[in-house]
Amino acid sequence: MSREAMEEKVPFSRPSAAAVLDRLVESHPGPALIVGQGIRVVESNDAARPLIEALRAGHGELIDLLDQTRNGTEGHRAEIVLVSGKVFDVAATPIGAAVLLTARDLTGERQRIGRFAEQAARLADIMDCLSDFAFETDREGRFVFCAPDVAFGYRTSSLIGHYAVDLLDGDWLEGRSDPFIGERALAGVEVWLAGADGTRVVTQMSARPVLDDLGRCVGLRGFLRDLSGVRARETALTQALDRERLRGAVVDAMRGAGGPERAIRVAAEASLASLHAQGALVMARDADRRMNAVLGLGDAGAALGAEVSDAVTRIAAQDQVAGRVETRAVGAMSALIALAVEGGVAVGAIVLLRPRHLPWTGIQAGILSAVADQLGLVLGIRERVGQLERLSRIDALTGILNRRAFDNEMPGRLRQADRDAGGVLLLVDLDDFKPVNDRFGHAMGDKALSLMGAAFRGLVGRHEMVARLGGDEFAFWLPGCDGQQAFARADAFHGVLYDLDRRPDMPSLGLGMSIGIAEVRTGSGENLDNLMARADAALYRAKQGGRNRTELAPRTGKD
């Protein structure tokens with residue numbers, strides 16, 4: 001096709017990047033806004049009003065976040081506290097000269113943590129004021145005095161005259177001597193009791209022997225301090241510290257370099273080590289809402305990943321997914337599954353694996369749930385970034401790769417072909433496409449291109465590539481294929497026009513297809529510019545030779 005004919009073609013219509021970003025801002029479940037030069041807000045949703053007001057009021061940390069993001073190529077994150085007391089977790093992503101801000105309101109979460117701390121402190125004060133269990137036994141180890149009125153679930157008045165050893169936990173006592181009989185002082189000795197309801201009570205015992213006038217030991221007098229509450233508080237504190245440490249690790253990873261992918265790895269690695277698992281998987285939903293593994297660590301092979309994927313997909317399809325943590329048997333492993341949720345919808349999960357004979361505890365489930373809570377935000381951002389990246393690579397009319405994606409992909413594919421089994425590049429140009437637009441209108445021309453794009457997608461394999469280079473020109477990269485095999489593939493591409501003319505919803509367009517083929521041999525070291533030039537020359541010969549033909553370019557001197 002001549003240069004003049006190419007220049008007469010009318011550019012196709014594509015949705016603007018601004019429109020895509022506008023839809024992203026409107027659909028974001030929390031505050032979202034786009035800030036242009038300075039602090040000028042060019043797009044926002046209703047939830048972003050507090051952040052906009054803060055910007056206009058000159059909020060230093062928020063403006064610093066914008067400046068830091070503008071001056072780099074990676075996203076940043078910060079926790080922003082407003083004058084009103086509201087707290088937001090704000091992620092900033094550079095988009096050209098502007099910055100996309102998405103946020104999550106942490107105000108309620110911070111208030112709940114504060115109330116929990118206040119309640120925990122009050123409870124601790126009350127427990128510290130309670131009296132210890134005071135006792136005295138006789139020579140045979142029977143209670144002769146007990147206080148206060150109720151201890152360990154017993155009415156202490158009913159214990160008088162009974163052997164103290166009967167209060168001891170049987171498993172703990174086995175192999176030990178009765179601590180209530182002896183002539184030696186005890187200080188802070190751990191003693192396990194059986195409470196009135198059969199539960200095990202851990203106590204700390206301090207006692208001194210009771211002596212008669214002749215200095216003989218006639219009993220024991222002392223105190224038992226219930227350590228069960230202390231142990232419970234220690235366990236809760238440890239759980240809270242572990243939870244906040246893991247949560248903080250994910251947040252810090254998001255704020256640093258690496259973005260969502262780094263945060264996902266940190267969440268998996270930290271959970272794997274802290275919760276004593278043998279394997280970890282991070283799952284993320286795909287376009288069909290199926291949960292697939294995006295990261296596997298430790299004993300998390302492909303077979304286990306497939307089973308876990310099925311289990312997580314079923315769990316995510318249930319109601320009330322927020323905070324859901326479940327266990328599942330997966331092969332010889334027990335899987336602890338915590339759903340990662342954003343906006344009330346499951347966007348993924350973190351899964352820990354360990355042998356079935358090592359059951360998961362409620363504490364471990366609680367800690368993993370806290371990690372999954374942060375992971376939901378990370379996976380949501382990762383999903384939206386992926387959508388934007390895909391949109392930037394896809395030709396809107398045909399649904400195949402655009403010229404930018406082709407130019408980015410081909411150098412790497414050429415290097416691989418140079419190492420492996422070579423390949424072929426086919427440049428395809430439609431013959432007499434401009435008359436279609438003139439005769440039937442541009443809408444019909446666009447429909448024809450769209451149908452051809454769909455047909456071309458069906459003709460390329462998993463490792464092959466098709467792209468629209470512009471107008472009615474396409475490119476195919478077929479790795480491992482030689483020149484002669486490429487002619488057979490070209491016939492299939494010609495068949496697309498044959499099928500198009502026979503569609504009941506399309507007129508007979510009378511289009512032809514000229515194809516130029518350039519073969520790449522292993523070890524040739526050919527670059528993309530030279531390969532494109534050879535294929536374009538072959539395409540020109542096909543046009544000059546009568547059109548609707550396929551021509552193979554001569555090999556380079558290095559072949």
Side-chain angles (χ1 to χ4, degrees), residues 116-243 276 357-367:
F116 172 80
E118 181 181 353
Q119 292 169 0
R122 184 180 301 117
L123 179 61
D125 290 341
I126 293 173
M127 294 183 68
D128 287 342
C129 293
L130 295 178
S131 300
D132 296 331
F133 174 63
F135 69 90
E136 185 175 329
T137 59
D138 61 15
R139 190 191 304 272
E140 283 75 34
R142 290 177 295 222
F143 284 120
V144 295
F145 169 79
C146 298
D149 292 339
V150 178
F152 315 122
Y154 298 100
R155 283 282 178 185
T156 53
S157 58
S158 67
L159 298 178
I160 304 300
H162 289 272
Y163 288 100
V165 70
D166 293 339
L167 261 65
L168 297 177
D169 179 81
D171 292 337
W172 178 86
L173 181 60
E174 187 175 354
R176 290 185 173 91
S177 59
D178 182 355
F180 291 101
I181 297 178
E183 300 181 1
R184 164 171 81 84
L186 302 176
V189 176
E190 187 172 291
V191 175
W192 293 10
L193 307 181
D197 58 358
T199 59
R200 178 177 291 170
V201 181
V202 181
T203 70
Q204 189 178 72
M205 180 175 177
S206 296
R208 291 181 177 277
V210 179
L211 306 177
D212 63 11
D213 295 340
L214 300 177
R216 294 174 299 185
C217 180
V218 295
L220 203 63
R221 183 181 296 143
F223 296 90
L224 286 170
R225 169 162 290 183
D226 187 353
L227 297 183
S228 300
V230 175
R231 293 289 173 86
R233 289 199 300 275
E234 290 175 349
T235 300
L237 178 59
T238 300
Q239 179 184 359
L241 290 174
D242 286 345
R243 182 174 59 245
H276 310 294
H357 69 273
L358 298 173
W360 298 102
T361 67
I363 291 175
Q364 291 169 323
I367 293 174

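Heads up: numbering here begins at 1 and tracks the sequence.
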Is the shortest side-chain heavy-atom distance between [X] and [Y] below 4.5 Å?
X: C217; Y: V210; answer: no
X: M205; Y: F180; answer: yes
X: P209; Y: R184; answer: no
X: D132; Y: P148; answer: no

Mind checking the [atom1]-[atom2] spacing from [X] to [Y]? Nearest 0.5 Å is all I need.
X: T156; Y: F143; atom1: OG1; atom2: CZ; answer: 9.5 Å
X: D178; Y: L173; atom1: CG; atom2: CG; answer: 7.0 Å
X: R221; Y: R208; atom1: CZ; atom2: CZ; answer: 11.5 Å
X: D169; Y: L193; atom1: CG; atom2: CG; answer: 8.5 Å
X: Y163; Y: E140; atom1: OH; atom2: CD; answer: 6.0 Å
X: T137; Y: H162; atom1: OG1; atom2: NE2; answer: 15.0 Å

Give the C-alpha distance, both sets of side-chain angles, the deciding distance and a yes or no for ring pair (Phe, Tyr, Trp, His ring centres under 6.0 Å) between F145 and F135.
-> CA-CA 5 Å; F145 169 79; F135 69 90; 9.2 Å; no
Please answer whether the main-chain N or O of [Y] pairs with a side-chain N or O of [X] as donor and acceptor at a distance below 3.5 Å.
X: Q364; Y: T361; answer: yes
X: S206; Y: G188; answer: yes
X: T203; Y: V191; answer: yes

Let me see the working for D226 and V201 under side chain to side chain contact (heavy atoms under 4.5 Å, CB included), right down to the final yes or no.
-> CA-CA 7 Å; D226 187 353; V201 181; 3.6 Å; yes
Centroid-centroid distance, F223 to F133, less than 6.0 Å |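 Ring centroids of F223 and F133 are no less than 6.0 Å from each other.
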Taking every non-hydrogen atom, the tightest pair across L220 and A207 =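 Closest approach of L220 to A207, heavy atoms only: CG-CB, 3.8 Å.
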Kindly give the heavy-atom pair with the smallest separation between C146 and I160, and that separation in Å.
->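 Reported closest heavy-atom pair: N-CD1, 3.8 Å.
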Can you list every pair that meets side chain to side chain donor-acceptor pair (under 3.5 Å) and has a residue in residues 143-155, with sequence neighbours left out?
->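 Sorted result for residues 143-155: empty, none.
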For the residue pair E190 and W192, confirm or rule out a side-chain donor-acceptor distance under 3.5 Å.
->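 Note: E190 and W192 side chains meet the donor-acceptor criterion.
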Hey, mind stepping through R176 and L168 against side chain to side chain contact (heavy atoms under 4.5 Å, CB included) and telling me if it holds?
-> CA-CA 11 Å; R176 290 185 173 91; L168 297 177; over 6 Å; no
Of all residues at least two apart in sequence or in a different chain, which pass the salt bridge (charged side-chain N to carboxylate O under 4.0 Å, His left out) check with D212?
-> R216
